[in-house]
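Have a look at the structure below, then the notes.
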Amino acid sequence: MKVTQLNGTVRVDGVTDLDLAQTLDCGQSFRWVEGRDGFTGIAFGKRVTMRLDGESLYIDNATAEDFESIWKDYLDLDLDYGKIRSDISKLHPVLDEAAGYASGIRILRQEPWEALCTFIISQNNNIKRIKGIVERLCESFGDQIDGGYLFPSAQRLASLEREDLAPLRAGFRDKYILDAAKKVVSGEVELEKCRALPYDEARRELMKIKGVGVKVADCVLLFGLHRVEAFPVDVWMKRALETLFPDMEPSDFGEYAGIAQQYIFHYSRMHPELFG
DNA sequence: GCCCAGGTATAAA
DNA sequence: TTTATACATGGG
(Lines give C-alpha, C1' and ligand atoms only; values in the text may rest on other atoms or scores of the structure.)
Protein backbone atom coordinates (compact mmCIF):
# COMPACT_ATOMS: atom_id res chain seq x y z
CA MET A 1 0.00 0.00 0.00
CA LYS A 2 1.22 3.46 -0.90
CA VAL A 3 -0.04 6.36 1.24
CA THR A 4 -0.23 9.87 -0.19
CA GLN A 5 -1.25 12.95 1.74
CA LEU A 6 -3.27 15.46 -0.29
CA ASN A 7 -4.95 18.54 1.21
CA GLY A 8 -7.34 17.23 3.84
CA THR A 9 -7.45 13.86 2.19
CA VAL A 10 -5.37 10.71 2.28
CA ARG A 11 -5.06 8.49 -0.74
CA VAL A 12 -4.06 4.87 -0.28
CA ASP A 13 -3.15 2.92 -3.38
CA GLY A 14 -3.05 -0.84 -3.65
CA VAL A 15 -6.12 -1.59 -1.55
CA THR A 16 -7.64 -4.90 -2.57
CA ASP A 17 -10.45 -7.15 -1.39
CA LEU A 18 -12.42 -4.16 -0.12
CA ASP A 19 -15.95 -3.06 -0.94
CA LEU A 20 -17.05 -0.16 1.25
CA ALA A 21 -20.77 -0.85 0.96
CA GLN A 22 -20.30 -4.52 1.83
CA THR A 23 -18.05 -3.61 4.74
CA LEU A 24 -19.58 -0.45 6.20
CA ASP A 25 -23.25 -1.10 5.49
CA CYS A 26 -23.70 -4.79 6.16
CA GLY A 27 -24.92 -4.78 9.75
CA GLN A 28 -21.58 -4.91 11.55
CA SER A 29 -21.43 -1.16 12.17
CA PHE A 30 -24.44 1.12 12.36
CA ARG A 31 -22.96 4.59 12.07
CA TRP A 32 -21.83 4.90 8.43
CA VAL A 33 -23.98 6.90 6.03
CA GLU A 34 -23.55 6.82 2.27
CA GLY A 35 -23.57 10.21 0.56
CA ARG A 36 -22.34 11.82 -2.62
CA ASP A 37 -18.66 11.69 -1.62
CA GLY A 38 -18.67 8.23 -0.13
CA PHE A 39 -19.36 6.79 3.30
CA THR A 40 -19.20 9.17 6.23
CA GLY A 41 -18.79 7.92 9.76
CA ILE A 42 -17.19 8.48 13.13
CA ALA A 43 -14.80 6.17 14.96
CA PHE A 44 -11.89 6.59 17.33
CA GLY A 45 -12.74 10.25 17.81
CA LYS A 46 -12.60 11.17 14.12
CA ARG A 47 -15.20 11.86 11.48
CA VAL A 48 -14.15 10.92 7.95
CA THR A 49 -15.56 10.21 4.51
CA MET A 50 -14.26 7.23 2.55
CA ARG A 51 -14.58 6.31 -1.10
CA LEU A 52 -12.92 3.75 -3.29
CA ASP A 53 -11.82 4.18 -6.89
CA GLY A 54 -10.40 0.94 -8.19
CA GLU A 55 -7.64 0.06 -5.75
CA SER A 56 -7.35 3.64 -4.48
CA LEU A 57 -8.96 4.44 -1.17
CA TYR A 58 -9.63 8.12 -0.43
CA ILE A 59 -10.25 9.25 3.13
CA ASP A 60 -11.39 12.84 3.56
CA ASN A 61 -10.57 14.71 6.77
CA ALA A 62 -7.70 12.40 7.58
CA THR A 63 -3.89 12.58 7.61
CA ALA A 64 -1.35 9.95 6.74
CA GLU A 65 -0.75 9.54 10.48
CA ASP A 66 -4.48 8.98 11.02
CA PHE A 67 -4.43 6.31 8.36
CA GLU A 68 -1.51 4.51 9.94
CA SER A 69 -2.80 4.74 13.51
CA ILE A 70 -6.56 4.38 12.97
CA TRP A 71 -8.04 3.61 9.58
CA LYS A 72 -5.64 0.93 8.38
CA ASP A 73 -6.49 -1.10 11.45
CA TYR A 74 -10.16 -0.13 11.42
CA LEU A 75 -10.55 -1.51 7.90
CA ASP A 76 -8.32 -4.49 8.75
CA LEU A 77 -6.14 -3.79 5.73
CA ASP A 78 -3.19 -5.81 7.06
CA LEU A 79 -5.13 -9.05 6.86
CA ASP A 80 -4.95 -10.90 3.54
CA TYR A 81 -8.61 -11.47 2.74
CA GLY A 82 -7.79 -12.83 -0.70
CA LYS A 83 -5.87 -15.68 0.90
CA ILE A 84 -8.51 -16.23 3.57
CA ARG A 85 -11.29 -16.32 0.99
CA SER A 86 -9.33 -18.84 -1.01
CA ASP A 87 -8.80 -21.02 2.08
CA ILE A 88 -12.45 -20.81 3.08
CA SER A 89 -13.51 -21.75 -0.45
CA LYS A 90 -11.67 -25.04 -0.10
CA LEU A 91 -13.61 -26.08 3.00
CA HIS A 92 -16.86 -26.87 1.23
CA PRO A 93 -18.23 -26.51 -2.32
CA VAL A 94 -21.10 -24.33 -1.12
CA LEU A 95 -18.60 -22.04 0.61
CA ASP A 96 -16.77 -21.70 -2.67
CA GLU A 97 -20.02 -20.52 -4.20
CA ALA A 98 -20.94 -18.30 -1.23
CA ALA A 99 -17.55 -16.58 -1.04
CA GLY A 100 -18.31 -14.80 -4.27
CA TYR A 101 -21.25 -12.92 -2.77
CA ALA A 102 -19.34 -10.71 -0.33
CA SER A 103 -15.80 -10.87 -1.61
CA GLY A 104 -15.17 -7.24 -0.59
CA ILE A 105 -16.30 -7.57 2.99
CA ARG A 106 -13.82 -7.05 5.80
CA ILE A 107 -14.33 -7.44 9.52
CA LEU A 108 -13.97 -3.97 11.01
CA ARG A 109 -11.89 -3.45 14.12
CA GLN A 110 -14.48 -1.36 15.90
CA GLU A 111 -14.28 0.01 19.40
CA PRO A 112 -15.45 -2.83 21.66
CA TRP A 113 -17.77 -0.78 23.82
CA GLU A 114 -19.57 0.61 20.79
CA ALA A 115 -19.94 -2.88 19.34
CA LEU A 116 -21.30 -4.20 22.63
CA CYS A 117 -23.87 -1.42 22.89
CA THR A 118 -25.02 -1.51 19.30
CA PHE A 119 -25.43 -5.28 19.23
CA ILE A 120 -27.45 -5.17 22.43
CA ILE A 121 -29.68 -2.71 20.59
CA SER A 122 -29.78 -4.99 17.55
CA GLN A 123 -31.63 -7.82 19.25
CA ASN A 124 -35.10 -8.54 17.89
CA ASN A 125 -34.76 -5.36 15.86
CA ASN A 126 -34.20 -4.24 12.28
CA ILE A 127 -31.25 -2.38 10.80
CA LYS A 128 -33.14 0.81 10.03
CA ARG A 129 -34.43 1.18 13.55
CA ILE A 130 -31.10 0.13 15.08
CA LYS A 131 -29.42 2.98 13.22
CA GLY A 132 -32.03 5.45 14.48
CA ILE A 133 -31.60 4.37 18.09
CA VAL A 134 -27.81 4.50 17.83
CA GLU A 135 -27.97 7.95 16.26
CA ARG A 136 -30.21 9.27 19.05
CA LEU A 137 -27.94 7.64 21.62
CA CYS A 138 -24.91 9.48 20.24
CA GLU A 139 -26.71 12.81 19.84
CA SER A 140 -28.10 12.60 23.35
CA PHE A 141 -25.06 11.45 25.32
CA GLY A 142 -21.98 11.55 23.09
CA ASP A 143 -19.41 14.34 23.04
CA GLN A 144 -19.86 16.73 20.14
CA ILE A 145 -17.14 16.96 17.51
CA ASP A 146 -17.01 18.75 14.17
CA GLY A 147 -19.90 17.38 12.16
CA GLY A 148 -21.29 14.89 14.63
CA TYR A 149 -21.13 13.14 17.95
CA LEU A 150 -18.84 10.51 19.39
CA PHE A 151 -20.27 7.27 20.66
CA PRO A 152 -21.06 7.88 24.34
CA SER A 153 -18.69 6.39 26.87
CA ALA A 154 -19.67 3.61 29.23
CA GLN A 155 -18.97 6.00 32.11
CA ARG A 156 -21.51 8.48 30.80
CA LEU A 157 -24.21 5.89 30.22
CA ALA A 158 -23.57 4.24 33.59
CA SER A 159 -24.61 7.48 35.27
CA LEU A 160 -28.07 7.39 33.67
CA GLU A 161 -31.44 5.90 34.57
CA ARG A 162 -33.94 4.15 32.31
CA GLU A 163 -36.06 7.27 32.09
CA ASP A 164 -33.07 9.17 30.70
CA LEU A 165 -32.95 6.71 27.80
CA ALA A 166 -36.66 6.99 27.02
CA PRO A 167 -36.08 9.49 24.17
CA LEU A 168 -34.02 6.85 22.37
CA ARG A 169 -37.16 4.70 21.97
CA ALA A 170 -34.98 1.63 22.42
CA GLY A 171 -37.80 -0.29 24.07
CA PHE A 172 -36.91 -3.02 26.54
CA ARG A 173 -33.24 -2.78 25.54
CA ASP A 174 -32.68 0.36 27.61
CA LYS A 175 -32.17 -1.65 30.80
CA TYR A 176 -29.66 -3.88 29.02
CA ILE A 177 -27.63 -0.87 27.88
CA LEU A 178 -27.48 0.42 31.44
CA ASP A 179 -26.48 -2.98 32.81
CA ALA A 180 -23.70 -3.23 30.22
CA ALA A 181 -22.44 0.26 31.06
CA LYS A 182 -22.40 -0.41 34.79
CA LYS A 183 -20.60 -3.73 34.47
CA VAL A 184 -17.99 -2.33 32.09
CA VAL A 185 -17.35 0.68 34.32
CA SER A 186 -17.15 -1.38 37.50
CA GLY A 187 -14.79 -3.84 35.84
CA GLU A 188 -17.13 -6.76 36.44
CA VAL A 189 -16.92 -7.28 32.68
CA GLU A 190 -13.54 -6.64 31.04
CA LEU A 191 -13.93 -6.20 27.30
CA GLU A 192 -10.24 -6.06 26.50
CA LYS A 193 -9.65 -9.29 28.38
CA CYS A 194 -11.97 -10.98 25.89
CA ARG A 195 -9.43 -10.52 23.12
CA ALA A 196 -7.11 -13.14 24.59
CA LEU A 197 -9.44 -15.33 26.64
CA PRO A 198 -10.33 -18.77 25.28
CA TYR A 199 -13.40 -18.36 23.09
CA ASP A 200 -15.89 -20.00 25.47
CA GLU A 201 -14.63 -17.99 28.42
CA ALA A 202 -14.78 -14.76 26.45
CA ARG A 203 -18.38 -15.60 25.57
CA ARG A 204 -19.26 -16.25 29.20
CA GLU A 205 -17.58 -13.01 30.26
CA LEU A 206 -19.81 -11.02 27.90
CA MET A 207 -22.90 -13.00 28.85
CA LYS A 208 -22.62 -11.71 32.41
CA ILE A 209 -24.43 -8.71 30.99
CA LYS A 210 -28.22 -8.82 30.97
CA GLY A 211 -29.47 -8.90 27.40
CA VAL A 212 -26.31 -10.50 26.07
CA GLY A 213 -26.90 -14.05 24.90
CA VAL A 214 -24.83 -16.19 22.57
CA LYS A 215 -25.73 -14.26 19.43
CA VAL A 216 -24.92 -10.80 20.79
CA ALA A 217 -21.79 -12.16 22.48
CA ASP A 218 -20.56 -13.66 19.22
CA CYS A 219 -21.24 -10.42 17.35
CA VAL A 220 -19.29 -8.45 19.93
CA LEU A 221 -16.42 -10.93 19.76
CA LEU A 222 -16.37 -10.88 15.97
CA PHE A 223 -17.10 -7.24 15.19
CA GLY A 224 -15.80 -5.54 18.34
CA LEU A 225 -12.86 -7.67 19.41
CA HIS A 226 -11.86 -9.13 16.07
CA ARG A 227 -12.26 -12.71 17.23
CA VAL A 228 -12.65 -13.94 13.67
CA GLU A 229 -13.32 -17.49 14.81
CA ALA A 230 -16.64 -16.33 16.32
CA PHE A 231 -19.62 -17.47 14.26
CA PRO A 232 -22.82 -15.61 15.16
CA VAL A 233 -25.90 -17.77 14.58
CA ASP A 234 -29.32 -16.17 14.34
CA VAL A 235 -32.59 -17.67 13.15
CA TRP A 236 -31.71 -17.00 9.54
CA MET A 237 -28.22 -18.47 9.80
CA LYS A 238 -29.57 -21.54 11.57
CA ARG A 239 -31.82 -22.26 8.60
CA ALA A 240 -28.99 -21.57 6.17
CA LEU A 241 -26.74 -24.02 8.01
CA GLU A 242 -29.39 -26.74 8.14
CA THR A 243 -30.12 -26.40 4.45
CA LEU A 244 -26.69 -25.71 2.98
CA PHE A 245 -24.34 -27.40 5.46
CA PRO A 246 -26.30 -30.22 7.13
CA ASP A 247 -23.04 -32.02 7.89
CA MET A 248 -21.17 -29.09 9.43
CA GLU A 249 -21.06 -27.37 12.80
CA PRO A 250 -20.02 -23.73 13.30
CA SER A 251 -16.78 -25.04 14.81
CA ASP A 252 -16.01 -26.82 11.52
CA PHE A 253 -15.57 -23.52 9.71
CA GLY A 254 -12.07 -22.97 11.02
CA GLU A 255 -10.10 -20.07 12.44
CA TYR A 256 -11.81 -17.61 10.09
CA ALA A 257 -15.33 -18.91 10.73
CA GLY A 258 -16.64 -15.39 11.25
CA ILE A 259 -15.58 -14.38 7.78
CA ALA A 260 -17.09 -17.54 6.33
CA GLN A 261 -20.27 -16.64 8.19
CA GLN A 262 -20.37 -13.32 6.40
CA TYR A 263 -20.07 -15.03 3.03
CA ILE A 264 -22.84 -17.46 3.95
CA PHE A 265 -25.02 -14.66 5.30
CA HIS A 266 -24.83 -12.63 2.11
CA TYR A 267 -25.18 -15.67 -0.10
CA SER A 268 -28.26 -16.88 1.74
CA ARG A 269 -29.80 -13.41 1.60
CA MET A 270 -29.35 -13.44 -2.14
CA HIS A 271 -30.96 -16.86 -2.46
CA PRO A 272 -33.92 -16.95 -0.04
CA GLU A 273 -35.57 -19.50 -2.34
CA LEU A 274 -33.06 -22.09 -1.16
CA PHE A 275 -34.95 -22.26 2.13
CA GLY A 276 -38.45 -22.74 0.77
C1' DG B 1 -54.90 -4.88 13.25
C1' DC B 2 -51.15 -8.39 12.26
C1' DC B 3 -46.43 -9.71 11.38
C1' DC B 4 -41.72 -9.26 11.64
C1' DA B 5 -37.05 -7.45 12.76
C1' DG B 6 -29.15 -10.54 12.37
C1' DG B 7 -32.64 -12.32 20.55
C1' DT B 8 -32.97 -12.92 25.40
C1' DA B 9 -34.97 -13.56 30.12
C1' DT B 10 -38.14 -16.10 32.41
C1' DA B 11 -41.23 -19.59 33.60
C1' DA B 12 -42.96 -23.92 32.81
C1' DA B 13 -42.79 -28.76 30.93
C1' DT C 1 -32.32 -29.41 29.21
C1' DT C 2 -35.53 -28.08 25.99
C1' DT C 3 -39.71 -25.26 24.62
C1' DA C 4 -43.19 -21.33 24.84
C1' DT C 5 -44.04 -16.35 25.64
C1' DA C 6 -43.39 -11.52 26.63
C1' DC C 7 -40.76 -7.79 25.56
C1' DA C 8 -40.95 -1.92 22.98
C1' DT C 9 -40.97 0.12 18.78
C1' DG C 10 -41.88 1.08 13.97
C1' DG C 11 -42.39 -0.19 9.07
C1' DG C 12 -44.77 -3.07 5.62
Side-chain angles (χ1 to χ4, degrees), chain A residues 21-32 98 101-102 105-108 110 114-140 160-183 188-189 200 202-245 249-250 253 257-272 274-276:
Chain A
Q22 285 178 10
T23 299
L24 299 174
D25 195 21
C26 69
Q28 61 171 319
S29 175
F30 301 95
R31 296 203 65 197
W32 291 91
Y101 284 79
I105 200 167
R106 285 171 174 268
I107 306 300
L108 297 171
Q110 299 187 67
E114 177 176 333
L116 171 60
C117 248
T118 55
F119 280 99
I120 285 173
I121 292 167
S122 80
Q123 66 180 86
N124 195 229
N125 213 339
N126 59 69
I127 304 260
K128 184 173 166 62
R129 199 165 85 92
I130 295 165
K131 286 181 175 174
I133 294 169
V134 171
E135 186 175 14
R136 291 189 290 276
L137 177 66
C138 295
E139 288 173 355
S140 302
L160 304 175
E161 306 293 333
R162 282 187 80 174
E163 61 194 48
D164 299 316
L165 297 186
L168 306 184
R169 285 169 279 149
F172 59 88
R173 305 165 192 83
D174 56 4
K175 57 183 178 290
Y176 300 153
I177 295 169
L178 294 179
D179 190 61
K182 290 188 170 81
K183 284 174 178 162
E188 183 178 347
V189 171
D200 288 330
R203 239 188 178 183
R204 280 200 295 278
E205 174 79 2
L206 295 172
M207 288 168 66
K208 291 184 197 166
I209 296 163
K210 287 200 190 71
V212 177
V214 288
K215 166 60 168 48
V216 170
D218 280 347
C219 285
V220 175
L221 288 172
L222 178 59
F223 299 125
L225 294 157
H226 210 266
R227 296 290 298 257
V228 288
E229 77 271 41
F231 192 103
V233 178
D234 57 22
V235 181
W236 182 273
M237 184 57 54
K238 185 167 286 193
R239 278 202 299 166
L241 290 176
E242 287 167 356
T243 309
L244 302 172
F245 306 95
E249 294 293 318
F253 287 93
I259 298 172
Q261 190 268 9
Q262 293 292 295
Y263 298 150
I264 297 166
F265 184 77
H266 285 262
Y267 174 69
S268 62
R269 285 285 183 187
M270 292 292 186
H271 295 284
L274 292 175
F275 311 112

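The chains referred to below are lettered A, B, ... by the order of the sequence lines, with proteins before strands, and numbering in each begins at 1.
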Side chain of A:K128 only, please: which of C:dG11, C:dA8, B:dT8 is the nearest? C:dG11
Send over the distance from A:D234 CG to B:dG7 P, rounded to a whole Å. 5 Å
Indicate, with a heavy-atom threshold strictly under 4.0 Å, whether A:V214 touches base, sugar-phosphate, or nothing. sugar-phosphate
Between P of B:dT8 and CG of A:L206, the distance in whole Å: 12 Å
A:N124 CG to C:dT9 C1': how many Å, rounded? 10 Å
Nearest-angstrom distance, P atom, C:dG10 to B:dT8: 22 Å
Would you please classify the geometry between the A:F253 ring and the A:F245 ring as parallel, tilted or perpendicular, with 30° and 60° separating the classes? perpendicular
Going by side chain to side chain contact (heavy atoms under 4.5 Å, CB included), A:Q262 matches just one of A:V228, A:T23, A:I105. Which one? A:I105
Rounded to whole Å, please give me the gap between NZ in A:K238 and C1' in C:dT3. 12 Å
Students often mix this up, so state it plainly: with edges at 30° and 60°, are the rings of A:F172 and A:Y176 parallel, tilted or perpendicular? perpendicular
Parallel, tilted or perpendicular: which fits the ring planes of A:F119 and A:F223, with parallel below 30° and perpendicular above 60°? parallel
Which heavy-atom pair separates A:I264 from A:A240 by the least distance, and what is that distance? CG2-CB, 4.3 Å
Which of these, A:V220, A:L221, A:D218, sits in a side chain to side chain contact (heavy atoms under 4.5 Å, CB included) with A:P232? A:D218
Which residue, A:V212 or A:I127, contacts DNA chain B at a nucleotide closer to its 5' end, judged by nearest heavy atom? A:I127
Whole-Å gap separating P (C:dA8) and CZ (A:R136): 16 Å
OP1 or OP2 of C:dG10 less than 4.0 angstrom from a side-chain nitrogen or oxygen of A:R169, does that happen here? yes
Minimum-distance nucleotide (side-chain atoms of A:Q123 versus C:dG10, C:dG11, B:dG7): B:dG7
Within the 4.0 Å heavy-atom criterion, would you say A:Q28 contacts the bases, only the backbone, or no part of the nucleic acid? nothing
With a 4.5 Å limit on heavy-atom distance, are the side chains of A:V233 and A:V214 in contact? no
Quick one: A:K131 NZ to B:dA5 C1', roughly how many Å, whole number? 14 Å
Take atom CD1 of A:I121 and atom C1' of B:dT8, then tell me their distance rounded to the nearest Å. 15 Å
Rounded to whole Å, how long is the line connecting atom CD1 of A:I133 with atom P of C:dT9? 9 Å
Tell me what A:F265 touches on the nucleic acid: a base, only sugar-phosphate, or nothing, going by heavy atoms under 4.0 Å. base
Is there a residue in residues 171-179 of chain A whose heavy atoms reach under 4.0 Å of DNA chain C, and which residues are they? A:G171, A:F172, A:R173, A:K175
